[in-house]
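Here is the structure we will look at, set down as structure tokens.
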Protein chains: 2
Amino acid sequence: MSVTIKDIAKEANVSYSTVSKALNSSPLVKEVTKQKILRVAKEMGYEPNLAAKQLVRKKTEVVGLIWPTIERIVLATLVTNISKAFASTRYSMILSVDSTETAMESFKKFQVDGMIVFAESENMVPEENIPLVAYGVSGKSEVTYPIIDANHEQAMDTAVQYLYDLGHRNIAYVGLMNTDDALQNEKVEGYQKVIQKMGLTELNIATNGLDWFDGYLAVDDVLHLDKRPTAIIGSSYDISSGILRALQEKGFGVPDDISLISYDNIPQMETTEIPMTCIGVPVDELAEEIVQTIIERIESEEKNVIKKLNPSLTERESAGPVPEEDVTSS
Amino acid sequence: MSVTIKDIAKEANVSYSTVSKALNSSPLVKEVTKQKILRVAKEMGYEPNLAAKQLVRKKTEVVGLIWPTIERIVLATLVTNISKAFASTRYSMILSVDSTETAMESFKKFQVDGMIVFAESENMVPEENIPLVAYGVSGKSEVTYPIIDANHEQAMDTAVQYLYDLGHRNIAYVGLMNTDDALQNEKVEGYQKVIQKMGLTELNIATNGLDWFDGYLAVDDVLHLDKRPTAIIGSSYDISSGILRALQEKGFGVPDDISLISYDNIPQMETTEIPMTCIGVPVDELAEEIVQTIIERIESEEKNVIKKLNPSLTERESAGPVPEEDVTSS
DNA sequence: TTGTACGCGTTATCAT
DNA sequence: ATGATAACGCGTACAA
């Protein structure tokens with residue numbers, strides 16, 4: 001049997017309503033009694049009963065995160081960071097790996113105060129009355145909930161500009177193309193747009209998939225281009241890791257012979273064989289924004305905005321000045 | 001404001017205690033009234049209030065699953081399957097990706113009825129009073145909770161025997177070795193044990209890690225063995241996928257030139273470039289066992305057993321008879 | 001500043 | 001077979 005506020009009240013010689021106030025740091029209780037109560041509570045190992053609290057307050061201070069595609073690891077880091085971000089709020093997070101529909105039903109039972117979904121799960125019908133924010137591609141024109149998304153176009157702009165400033169003129173993009181994956185498409189289009197804007201030549205290398213090995217294989221195609229690029233932009237952490245490995249194996253120094261910038265801005269970029277310079281919204285910022293947005297939505301009618309977050313470029317070792325011999329040829 | 005049993009009671013002209021009984025299909029209520037109440041409840045869109053139920057019953061019928069190493073994808077399939085397995089029980093599952101310690105604290109707040117942990121998280125201190133089962137290596141001699149584990153030794157025995165019966169005499173094992181990863185060690189030792197038992201020669205190929213690429217690279221070593229093996233056992237799905245790819249690239253047919261059996265028994269084995277024959281406890285069985293065990297532990301003092309689950313071999317296409325030319329040479 | 005009393009939505013124990 | 005009512009642990013308006 002666990003200890004309740006009544007037990008504390010008895011022990012501290014006050015009424016249990018005073019205990020309740022003290023525990024909620026109400027200003028209506030004298031500092032000394034408050035301290036005493038807090039001390040007694042700790043001594044007795046008091047744990048508030050969430051169910052009781054919820055019953056009277058109609059709030060759980062829990063938000064549910066729905067992540068149905070658990071087997072695609074890309075989002076794992078984001079999930080971890082979101083979980084961490086909640087730690088410094090008074091909300092807790094629970095995670096479901098069920099289908100969006102099932103998860104929503106389950107969360108509704110739990111009476112979560114809000115939900116976060118990843119927009120991969122298309123055409124989802126938000127549970128009425130439960131605040132929702134989505135992370136992902138902001139395809140839809142009309143939304144009934146806030147959407148957090150990264151500005152992929154600007155990311156590509158920044159990356160290409162950065163490489164340009166280092167002297168690169170032949171900049172390839174390696175990633176998934178011509179699919180209906182809106183996220184990937186935004187990246188490709190961003191790349192193409194800036195390349196055209198700057199009067200350079202598009203060097204598109206399409207991969208077969210999004211895995212490490214797809215990047216690894218793509219290097220063959222890269223090296224068979226008419227103009228061998230001096231720099232490559234990889235469309236994701238996995239792809240770029242594969243590219244990096246293949247370049248090494250084929251005897252190309254990174255960044256001495258070829259520079260590499262990866263999309264995605266996650267800490268793991270630091271620990272690849274050569275620490276990778278990368279472009280993207282830092283995953284901790286992303287997490288923070290998502291968490292803040294859902295909380296605001298819960299507490300104060302945040303509007304149905306689409307927030308495009310600005311990427312930042314993190315300099316590491318995989319991108320450097322264009323090699324001497326290539327400067328002339330460009 | 002959501003509808004409560006009192007609302008239903010008013011609407012159905014009964015007392016709310018009768019409604020409660022009807023909703024819990026108590027035998028103490030006439031069939032007709034029960035049907036009426038159920039109908040009214042549905043009409044009004046009644047959803048039971050978990051918090052209230054929990055407050056009086058002291059049970060949440062929720063179990064928490066702790067998965068701190070979310071970024072290692074190996075367990076993703078298991079997690080998904082556990083989640084599915086809970087669907088057919090009256091329990092719900094919530095997932096935490098926090099550290100074991102944090103997660104336990106959080107689950108304690110939620111007052112989950114039980115917890116499942118993956119034993120990777122060593123020296124964990126079980127929350128007193130909350131039933132716990134662990135999945136993973138049963139290293140410890142003294143346990144205070146049930147442990148579910150796969151019988152790795154028997155798995156290797158079965159795999160080697162299977163290959164032996166197909167005529168193979170040179171059977172290599174590719175996997176992580178000489179680390180303190182008890183799980184990996186059990187596999188290696190199981191392999192070595194059966195090889196010795198059968199009077200064959202150990203062909204140990206150590207990888208640098210557990211990733212796809214580690215398997216891919218290991219094939220070089222395999223092919224440089226004095227006795228080129230006619231069959232390989234890969235220690236995991238990722239490793240084996242890498243092996244498979246490398247063999248293909250180097251022009252070895254699978255299984256025509258070299259047979260391959262992978263440890264792990266997950267559906268994904270079906271969809272590799274060549275569907276892989278594999279050995280291991282089928283992941284759905286594993287999930288089912290874990291779920292059953294925690295529920296029994298919650299409901300009826302299941303003992304602190306260590307359950308070693310029997311692996312099974314799933315035949316697909318990657319393992320076949322030893323090639324003719326090798327039969328003589330062995 | 002502290003205490004009393006009520007209600008949150010259920011289940012469970014009595015009466016009826 | 002059904003209804004009244006007391007918990008469950010907590011927050012809070014109101015009284016003291």
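Order of the sequence lines sets the chain letters (A, B, ...), proteins ahead of strands, with each chain counted from 1. On a predicted model such as this, the values are computed, not experimentally measured, just so you know.
- The distance between atom CD1 of B/I8 and atom C1' of C/dG9, rounded to the nearest whole Å, is 11 Å.
- Regarding contacts with the backbone of C/dT11, a side-chain N or O of B/S20 is found under 4.0 angstrom from either OP1 or OP2.
- For B/K30, counting side-chain heavy atoms from C-beta on, the closest listed nucleotide (D/dG9, D/dT2, D/dG11) is D/dT2.
- With hydrogens and angles left out, the side-chain atoms of A/K109 and B/S92 include no donor and acceptor closer than 3.5 Å.
- Residue contacts for A/K6: at a heavy-atom cut-off of 4.0 Å it reaches no nucleic acid atom on any strand shown.
- With C/dT10, D/dT2, C/dG3 as the candidates, the nucleotide lying closest to the side chain of B/T33 is D/dT2.
- Ranked by how close their nearest DNA chain C nucleotide is to the 5' end, B/Y46 and A/V29 are led by A/V29.
- OP1 or OP2 of D/dG11 has at least one side-chain nitrogen or oxygen of A/N24 nearer than 4.0 Å.
- Note: NZ (B/K10) to C1' (C/dG9) measures 13 Å, nearest angstrom.
- Between the side chains of B/S83 and B/T80, no donor-acceptor pair of N or O atoms lies under 3.5 Å.
- If you check D/dT5, D/dT2, C/dT10 against the side chain of B/S17, the one that comes closest is D/dT5.
- Remark: the B/T60 side chain and the B/D113 side chain contain an N/O donor-acceptor pair separated by less than 3.5 Å.
- Interatomic distance, CD1 of A/I66 versus CD1 of A/I116, reported as 9.5 Å (0.5 Å rounding).
- Listed candidates were C/dA5, D/dG3, C/dG9. Nearest to the side chain of B/L55 is C/dG9.
- Nucleic acid contact for B/T4: sugar-phosphate only, since backbone atoms but no base atoms lie under 4.0 Å from a heavy atom of the residue.
- A donor atom on one side chain and an acceptor atom on the other are not found under 3.5 Å apart for A/S20 and A/S17.
- If you check the side chains of B/S2 and B/E47, you find no donor sitting under 3.5 Å from an acceptor.
- Contact annotation for A/V56: base contact, defined as any heavy-atom pair under 4.0 Å involving a base atom.
- Side-chain contact check for A/Q292 and A/E296: no donor-acceptor pair (N or O, by modelled atom type) lies under 3.5 Å.
- Comparing the axis of the opening five pairs of the helix from C/dT1-D/dA16 to C/dT16-D/dA1 with that of the closing five pairs yields an angle of 50°, rounded to 10°.
- The residue among A/K53 and A/L28 whose nearest nucleotide of DNA chain D lies closer to the 5′ end is A/K53.
- If you measure from atom CG of A/D7 to atom P of D/dC10, you get 9 Å, rounded to the nearest angstrom.
- One N or O donor and one acceptor, one from the side chain of B/K21 and one from the base of D/dG3, sit under 3.5 Å apart.
- Remark: C1' of D/dA4 and CD1 of B/I5 are 13 Å apart, rounded to the nearest angstrom.
- Scanning atom types as modelled, no donor and acceptor separated by under 3.5 angstrom connect the side chain of B/Y16 and the base of C/dC8.
- At a threshold of 4.0 angstrom between heavy atoms, the contacts of B/E47 are confined to the sugar-phosphate backbone, with no base atom among them.
- Rounded to whole Å, the distance from NZ on A/K58 to P on D/dC10 is 18 Å.
- A salt bridge is absent between B/K307 and B/E288: the closest approach of a Lys/Arg side-chain nitrogen to an acidic carboxylate oxygen does not fall below 4.0 angstrom.
- For D/dA4, its base never sits under 3.5 Å from the side chain of B/S15 at any donor and acceptor pair.
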